[in-house]
Novice: 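Quick one: this structure, given as structure tokens, is what I'll be asking you about.
We name chains A, B, ... by the order of the sequence lines, and we start the count at 1 in each one. Keep in mind the model is a prediction, meaning the values are calculated, not measured.
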2 protein chains.
Amino acid sequence: MPDTDPNRPPDAVAPRTPRERARAEFTADLLAAARARVRDEGAAQLSLRAVARDLGVASSAVYRYVDSRDALLTLLIIEAYDAAGTACEEAAERGRRAGAAPAQTWLAVARAFRAWALADRHGFGLVYGTPVPGYLAPQDTVRPATRVWGALGGVVAAAMADGSLRPGGPDVAARDLVEPQVLEFAAGIGAGAAAPGGSDALESAAGGVVGSEVLFAALLGAVSMELYGHLHNVMTDTARVFDVAMATAAAGVGLHVSLDGPVP
Amino acid sequence: MPDTDPNRPPDAVAPRTPRERARAEFTADLLAAARARVRDEGAAQLSLRAVARDLGVASSAVYRYVDSRDALLTLLIIEAYDAAGTACEEAAERGRRAGAAPAQTWLAVARAFRAWALADRHGFGLVYGTPVPGYLAPQDTVRPATRVWGALGGVVAAAMADGSLRPGGPDVAARDLVEPQVLEFAAGIGAGAAAPGGSDALESAAGGVVGSEVLFAALLGAVSMELYGHLHNVMTDTARVFDVAMATAAAGVGLHVSLDGPVP
DNA sequence: CGCGTGTCAAGAGCACTGCTCACATTGCGG
DNA sequence: CCGCAATGTGAGCAGTGCTCTTGACACGCG
């Protein structure tokens with residue numbers, strides 16, 4: 001078996017030999033071409049042969065660099081996850097630095113997510129839309145997928161920490177709803193925010209996870225509706241409707257957004 | 001040009017001639033076969049040749065009954081919209097008949113939608129997932145698509161009528177957010193519920209539309225997340241999480257669900 | 001009743017897809 | 001400098017949507 005593994009992570013610091021250099025370059029070109037095709041044709045229409053034609057090589061040559069069409073899609077999926085993640089993380093970080101209220105930061109994160117989705121609708125579909133039936137997400141995708149979750153959880157945790165969280169929904173025992181390892185992780189993140197009593201730290205962390213799930217669901221649903229035309233001929237100012245929807249849903253969680261206030 | 005039009009609406013009351021009868025039967029079989037294939041393979045994998053094989057006919061024969069693969073998909077899309085619509089409408093009607101609080105009816109409608117989506121995940125993807133890139137929804141799909149919206153709007157209108165709506169989110173001028181014809185329609189529906197002042201009847205109707213949009217977004221997002229695996233290894237009891245999410249989001253709109261109370 | 005008409009199924013064919021494989025070429029490293 | 005690994009090529013297989021010609025059948029009118 002050759003030691004060059006298709007789909008190897010792009011961690012190679014510096015390609016030493018010209019061959020490795022060429023390989024890295026071609027892989028980058030390949031990804032760029034695929035990205036372009038997905039951008040304006042969608043993932044379903046992505047054809048390896050077409051990408052090969054774009055690059056001016058035989059279709060079979062592509063298989064030297066990528067295991068299969070699905071593997072190529074996986075790379076693009078990771079890219080999309082990462083793009084969404086950085087967009088949300090940056091917005092959250094901006095809010096944190098500006099000392100904005102968590103509720104306003106939430107709106108900023110939501111807007112960042114929406115902006116990303118609007119700019120790369122097929123990327124959004126790739127990761128949050130209908131999955132390809134036979135396709136099972138490899139393990140490489142779970143960490144990038146976590147990042148948006150993380151940004152949302154951070155906002156909720158901040159609101160819990162500064163006491164601005166005033167939930168309007170039902171109070172439920174959230175502890176048993178969250179998978180143990182996620183709960184442990186969340187409790188670790190929000191450790192400083194937990195009540196020093198310590199007994200209900202886990203419950204508090206679980207509440208944060210459930211809260212971010214509600215936020216994420218509202219976000220995903222609102223963007224899906226807008227992107228997939230379910231708001232067409234119903235709403236006029238979709239950006240404003242989005243803000244209202246995010247503020248309204250967040251109010252249930254306990255984040256009270258001021259739509260006239262500053263958004264970082 | 002022959003007067004038999006593929007994709008003609010199934011309005012023909014009774015097939016008179018044996019020919020028409022056979023045609024209707026075959027069309028029904030065709031739809032059933034396609035539905036089955038979509039159900040367990042997904043829309044993307046739907047192959048006209050495959051359903052032709054299932055029916056034991058040549059692939060070309062199918063084109064006598066259906067214009068194209070997309071046209072066949074459109075028929076299935078309408079079916080899916082209708083299935084979701086009836087599920088939600090029935091739940092809403094059940095709640096109304098039982099005299100349940102609008103908030104509880106909302107939960108019932110949401111559960112009905114989720115149950116439909118779980119039972120026919122590919123049907124859900126067909127209508128609420130990533131649209132096929134080249135595909136533009138024909139006009140036939142808009143009326144079925146409206147039905148879920150309608151059920152949600154009815155619940156919100158009922159809550160506005162009986163005064164149980166206590167919004168927790170920001171109060172916004174919703175009137176300019178809604179397309180005029182939708183606004184007119186909504187005002188017509190909730191006419192009895194509007195304040196007799198009449199001046200802000202439109203604003204009230206607009207608020208109802210925006211409210212149902214928020215509910216729909218939360219619903220769509222929650223089901224998407226569950227169905228597409230974004231809750232995998234995060235949440236344990238997805239049904240309960242769904243209830244909590246729906247109750248929480250609805251609280252922002254002003255519907256205060258009791259998760260321990262009766263759900264029609 | 002017979003025959004034209006039109007509806008129908010079949011099959012070949014085109015252009016495309018993902019993917020594999022034998023072969024030729026190229027260039028790196030021992 | 002030579003051998004071998006990495007690379008690119010093109011043919012080929014099995015599948016797809018869709019079109020068009022061909023032949024068979026049944027309906028209904030005269």
Novice: Taking N or O atoms only and anything under 3.5 Å, show me the protein contacts with nucleotides 19-25 of chain C, one pair per line.
Specialist:
from, atom 1, to, atom 2, distance (Å)
dC19(C), OP2, Tyr63(A), OH, 3.0
dC19(C), OP2, Arg69(A), N, 2.7
dC19(C), O5', Tyr63(A), OH, 3.4
dC19(C), N4, Arg49(A), NH1, 3.3
dC19(C), N4, Arg49(A), NH2, 3.4

Novice: Over how many whole Å does the gap from Glu41(B) atom CD to dG15(D) atom P extend?
Specialist: 14 Å
Novice: According to ring pair (Phe, Tyr, Trp, His ring centres under 6.0 Å), who are the partners of Phe113(B), at least two apart in sequence or on a separate chain?
Specialist: Trp116(B), Tyr128(B)
Novice: Only counting residues at least two apart or in another chain, list the ones meeting side-chain contact (heavy atoms from CB on, under 4.5 Å) with Val241(B).
Specialist: Leu177(A), Glu213(A), Met235(B)
Novice: Which pair of heavy atoms, one from Met246(B) and one from Trp106(B), lies closest together, and at what distance?
Specialist: O-NE1, 3.3 Å
Novice: Which of the following nucleotides, dT9(D), dT7(D), dG17(D), is nearest to the side chain of Arg23(A)?
Specialist: dT7(D)
Novice: Can you see which heavy atom on Val156(B) is nearest to which on Gly208(B), and at what distance?
Specialist: CG1-CA, 3.8 Å
Novice: For Gln45(B) and dG15(D), what is the distance between atoms CD and C1' respectively, to the nearest whole Å?
Specialist: 12 Å
Novice: Identify, with sequence neighbours excluded, every residue that meets salt bridge (Lys or Arg N to Asp or Glu O under 4.0 Å) alongside Asp54(B).
Specialist: Arg37(B)
Novice: Taking atom P of dG18(C) as reference, at what distance in whole Å does atom CG of Leu46(A) sit?
Specialist: 7 Å
Novice: Below 30° counts as parallel, above 60° as perpendicular, anything between as tilted: where do the rings of Tyr81(B) and His230(A) land?
Specialist: perpendicular
Novice: Passes side-chain hydrogen bond (donor to acceptor under 3.5 Å, both in side chains), Glu179(A) versus Thr236(B)? Steps please.
Specialist: CA-CA 6 Å; Glu179(A) 287 281 357; Thr236(B) 57; 5.9 Å; no
Novice: Provide, to the nearest angstrom, the distance between the CG atom belonging to Asp29(B) and the C1' atom belonging to dA9(C).
Specialist: 16 Å
Novice: Considering all heavy atoms of both residues, which atom of Leu72(A) and which atom of Ala34(A) are nearest to each other, and what is their separation?
Specialist: CD2-CB, 3.9 Å
Novice: Give a yes or no answer on whether the side chain of His122(B) reaches the backbone of Ala43(B) with a donor-acceptor pair at less than 3.5 Å.
Specialist: no
Novice: Find the distance Tyr65(B):OH to dC18(D):C1' and express it as a whole number of Å.
Specialist: 18 Å
Novice: Could you go through nucleotides 26-30 of chain C and list every protein N or O atom that sits under 3.5 Å from one of its N or O atoms, giving the distance for each pair?
Specialist:
from, atom 1, to, atom 2, distance (Å)
dT26(C), O2, Arg19(A), NH2, 3.2

Novice: Bend across the helix from dC1(C)-dG30(D) to dG30(C)-dC1(D), to 10°, with axes taken over 5 pairs at each end?
Specialist: 10°
Novice: Closest heavy-atom contact between Ala249(B) and Ala218(B)?
Specialist: CB-CB, 3.6 Å
Novice: Without swapping roles, check the side chain of Trp149(B) against the backbone of Val209(B) for a donor-acceptor pair under 3.5 Å.
Specialist: no
Novice: Expressed as a whole number of angstroms, how long is the span from Leu55(B):CG to dA9(C):P?
Specialist: 11 Å
